[in-house]
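Heads up: the structure comes next, in structure tokens.
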Amino acid sequence: MNHIALLMENQPGALSRVIGLFSQRGYNIDSLSVAPTQDETLSRLTMTIAEEGADINQILKQLYKLVDVVMVQNLSEADALTLELAIIKLNKTKADVDGLLKNYEFEREILDEKDNYTVFKVLGDTQEIENLLSELKKEEFLEVTRSGTLGMTKGNESLATNDQTKISYD
Amino acid sequence: MAKVMTSGGEALIRALADENVDIIFGYPGGAALHIYDAIYQQDRVQHILVRHEQAATHAADGFARATGKPGVCLVTSGPGATNAITGIATAYMDSIPLVVISGQVPNHLIGTDAFQETDMMGISRPIVKHSFLVQKPEEIPVIVKKAFHIATSGRPGPVVIDVPKNLTDPNEKFEYKFPSDLYLRSFALYDEAENSDVKKAVKLLTESERPVIYAGGGAINSNAAEEIYEFGKLMGCPVTNTLMGLGVYPASDEQFVGMLGMHGTYEANMVMHEADLIMAIGARFDDRITNNPNKFGLKAKKIHIDSDPSSIDKIIDVDIAMTGNAKKVISQINKELKAMNFDNKKFGSWMKKAMQWRAEHGLNHSMLDQKNPGDIILPQQVIQSAYKATDGKAFVTSDVGQHQMFAAQYYHFNEPRKWINSGGLGTMGFGLPAAMGVKFAFPDETVACITGEGSIQMCIQELSTCGQYGLPIKIINLNNRALGMVKQWQDMQYGGRYSSISYEDSLPDFIKLAESYGHVGMKVEKLSELEAAMEECFALKDKLVFLDVYVDPDEHVYPMLKAGGDMSEMFLSKTEKTFE
């Protein structure tokens with residue numbers, strides 16, 4: 001499992017160039033999350049590649065080579081925080097849902113409920129969410145949506161950069 | 001300065017002129033008509049009308065390979081753009097700087113399956129270094145400038161600019177401003193190598209016993225020929241070039257052991273196999289070089305200089321990697337070697353060993369003297385005859401197949417940028433349009449296209465372009481009446497089952513064909529007539545000559561590496577091989 005963090009130009013086509021490097025090799029992207037950063041000209045992306053034996057280092061180099069890509073980092077090789085949000089809809093009452101979740105540590109909130117369904121969110125480690133979902137398979141599931149893993153390194157370093165290469169002509 | 005008001009179309013052509021482009025290759029069509037109207041109304045940029053968009057890209061590519069400057073082409077949307085794809089992929093695989101401008105349907109029609117609409121950004125994405133979809137006409141000059149910078153810097157490559165028709169509207173004018181500088185965020189370029197790495201490399205080089213210099217297309221791209229020659233002389237060791245690198249080290253130099261790889265010389269492949277140090281310069285350990293990568297260079301340490309960090313450790317793990325400009329990095333190394341007064345005498349016996357391999361199984365470069373009772377022409381003899389007739393000074397373009405390998409093996413290239421072929425993608429049809437691009441760049445030089453009757457038919461329509469612009473290219477057609485390289489593989493690996501390789505009864509009369517386009521056609525079938533015909537062909541300075549040479553249809557290209565083997569495992573002829 002590799003979590004990759006990437007900063008790229010926030011413009012049309014940039015994401016498809018990034019994705020293309022995985023799809024051309026037949027690698028599946030297990031999760032992907034992308035949104036603009038505090039600098040709206042840049043988007044930050046976190047992606048998860050579960051592929052066994054994937055040549056991640058080669059892909060990282062090729063990602064960095066893309067003109068639209070500003071910075072790349074393999075979070076799996078760093079001391080990093082990862083987090084995922086899931087919204088789950090079950091054919092259960094709120095009380096039943098509370099029972100199902102009692103053994104889990106993570107943050108949760110009921111978002112919507114009636115007698116025959118409950119919508120709730122959970123926020124936590126990807127693995128924890130996976131565990132919950134596999135347990136819930138027994139239940140009558142209506143829907144689940146996940147944010148995909150989000151990640152950044154611990155410490156005061158950042159992936160962000162404002163480095164511009166100035167190219168002058170005489 | 002007075003304000004210059006331009007339309008998007010005018011801005012595009014004006015920006016090309018401001019980038020010092022004086023020639024572009026293209027083909028008009030609906031979405032590009034505003035741009036063509038702008039071309040008509042100026043005289044700084046000359047437009048060359050080809051007969052097929054693939055030829056426009058190959059011509060621009062040939063121009064770029066011969067000059068080192070970016071080639072430019074212009075095509076319309078839809079089929080114009082898709083026809084350009086093969087040429088873009090060809091340039092991408094060989095790291096050639098190209099700027100391809102494609103017309104696009106007007107913005108409001110994008111995504112509606114409009115007439116001649118295709119998603120050029122999408123279909124070209126995996127085969128470009130970068131691409132731009134123009135969103136506002138005012139940004140055209142900046143995009144052009146960025147496109148040229150990206151295409152030519154670092155590891156060069158093709159850049160596509162897709163221009164929706166409405167953004168070139170002649171009625172919508174804006175102030176034209178060509179940027180004096182531009183900004184690219186985090187656009188890393190590598191220049192010199194770290195001094196510590198240079199020192200480590202020099203230590204490995206000087207402490208080695210059996211070093212080899214292996215230089216490829218990247219060495220040509222960075223114009224490193226002079227530095228590599230000096231480096232070769234400082235080392236006094238064998239030098240080999242890849243198919244893409246031929247000419248970067250002079251072929252007639254005594255240290256040159258020829259091309260390496262699939263159809264490399266016996267001595268080059270043996271040197272690579274037995275070396276204890278492989279110095280790769282602008283070469284990427286391609287599968288046509290290494291043969292089985294698990295058996296490649298097992299006795300050798302490896303140093304790799306490349307402008308592209310993603311080429312390092314991609315196929316073969318190396319001991320020292322120096323990401324940088326080959327010209328500068330080799331200069332750094334030369335400086336160190338000179339400072340330490342390195343004595344290369346110790347490589348003398350290793351060099352001698354290479355010469356011994358050459359004596360055992362090297363290529364025979366005097367085959368013109370070998371007569372045979374049937375007076376049959378061997379393809380190698382055609383190349384040797386062309387070499388002789390041109391004094392080895394011609395620009396030689398080729399297509400893809402046996403003739404390409406024979407040309408690479410037997411025409412000695414002593415200078416870079418003289419050998420122009422599609423090495424990476426292996427594009428049949430490349431040779432003739434590439435020769436056109438070279439001829440436009442160097443009208444006073446001899447340009448020969450060495451081809452086969454299979455390849456030449458893939459872009460044969462360009463004989464018309466050559467007629468229109470009076471391009472006296474010499475087309476040397478090695479006519480073996482079959483797809484020779486495919487036939488060779490079918491001989492060697494498919495029990496001689498010739499599947500779909502012959503068309504003898506339906507071949508055109510190339511002489512009449514050339515004549516119908518206003519050119520000269522000549523046919524040679526006898527070895528005894530070859531040299532005179534070749535002399536005559538090159539003596540006709542002002543005419544395109546199509547020299548149709550009937551060659552032995554059963555000849556194979558040798559040496560040939562054994563599939564899955566190491567670099568010492570070669571077929572040397574139909575009856576000899578180096579392995580059990």
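Atoms considered below: every heavy atom in the structure, side chains included; atoms not considered: hydrogens, waters and symmetry mates. Chain letters run A, B, ... following the sequence lines, proteins first and then strands; every chain starts at 1.
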Task: chain A contact via B:Ser153 - which portion, at a heavy-atom distance below 4.5 Å - done: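 B:Ser153 has no heavy atom closer than 4.5 Å to chain A.
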TODO: Could you tell me which portion of B:Leu133 (side chain, backbone, both or neither) has an atom closer than 4.5 angstrom to a non-hydrogen atom of chain A?
DONE: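 Contact with chain A is absent: no heavy atom of B:Leu133 under 4.5 Å.
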TODO: Kindly compute the distance separating CZ (B:Arg125) from CD1 (A:Ile19), expressed to the nearest 0.5 Å.
DONE: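 Going from CZ on B:Arg125 over to CD1 on A:Ile19, the span is 9.0 Å.
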Task: Spacing of A:Gln58 atom CD and B:Ile315 atom CD1 [to the nearest 0.5 Å] - done: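 If I round to the nearest 0.5 Å, the distance is 8.0 Å.
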Does any part of the side chain of [Y], heavy atoms only, come nearer than 4.5 Å to the side chain of [X], both counted from C-beta?
{"X": "B:Lys146", "Y": "A:Val67", "answer": "no"}
{"X": "A:Arg17", "Y": "B:Ser131", "answer": "yes"}
{"X": "A:Asp55", "Y": "B:Lys314", "answer": "no"}

Evaluate whether atom [atom1] of [X] has more than 12 neighbouring non-hydrogen atoms of other residues, nucleotides or ligands under 6.0 angstrom away.
{"X": "A:Lys61", "atom1": "NZ", "value": "yes"}
{"X": "B:Asp113", "atom1": "CG", "value": "no"}
{"X": "B:Glu192", "atom1": "CD", "value": "yes"}
{"X": "B:Glu175", "atom1": "CD", "value": "yes"}

Task: Option that, when pairs with chain B are counted at under 4.5 Å, heavy atom only, ranks first among A:Thr41, A:Leu66, A:Leu21 - done: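 Most heavy-atom pairs within the cutoff with chain B belong to A:Thr41.
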Open item on the list: Tell me whether A:Gln24 contacts the main-chain N or O of B:Pro126 through its side chain, where contact means a donor paired with an acceptor under 3.5 Å.
Closed with: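 Judged by distance alone, no pair lies under 3.5 Å.
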Task: Short side-chain to backbone donor-acceptor contact, A:Lys65 and B:Pro309, under 3.5 Å - done: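 No; judged by distance alone, with no hydrogens or angles, the pair does not exist.
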Task: Choice from B:Asp313, B:Ile150, B:Asp308 maximising heavy atom contacts with chain A below 4.5 Å - done: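 Highest number of pairs under 4.5 Å: B:Asp308.
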- [ ] Go through the steps for A:Asp68 and B:Arg185 under the test salt bridge (charged side-chain N to carboxylate O under 4.0 Å, His left out), then give the verdict.
- [x] CA-CA 8 Å; A:Asp68 284 336; B:Arg185 186 144 48 187; over 6 Å; no
- [ ] Compare every heavy atom of A:Gln62 with every heavy atom of B:Ser310, then report the nearest pair and how far apart it is.
- [x]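 That closest heavy-atom pairing would be CB-CG, 3.8 Å.
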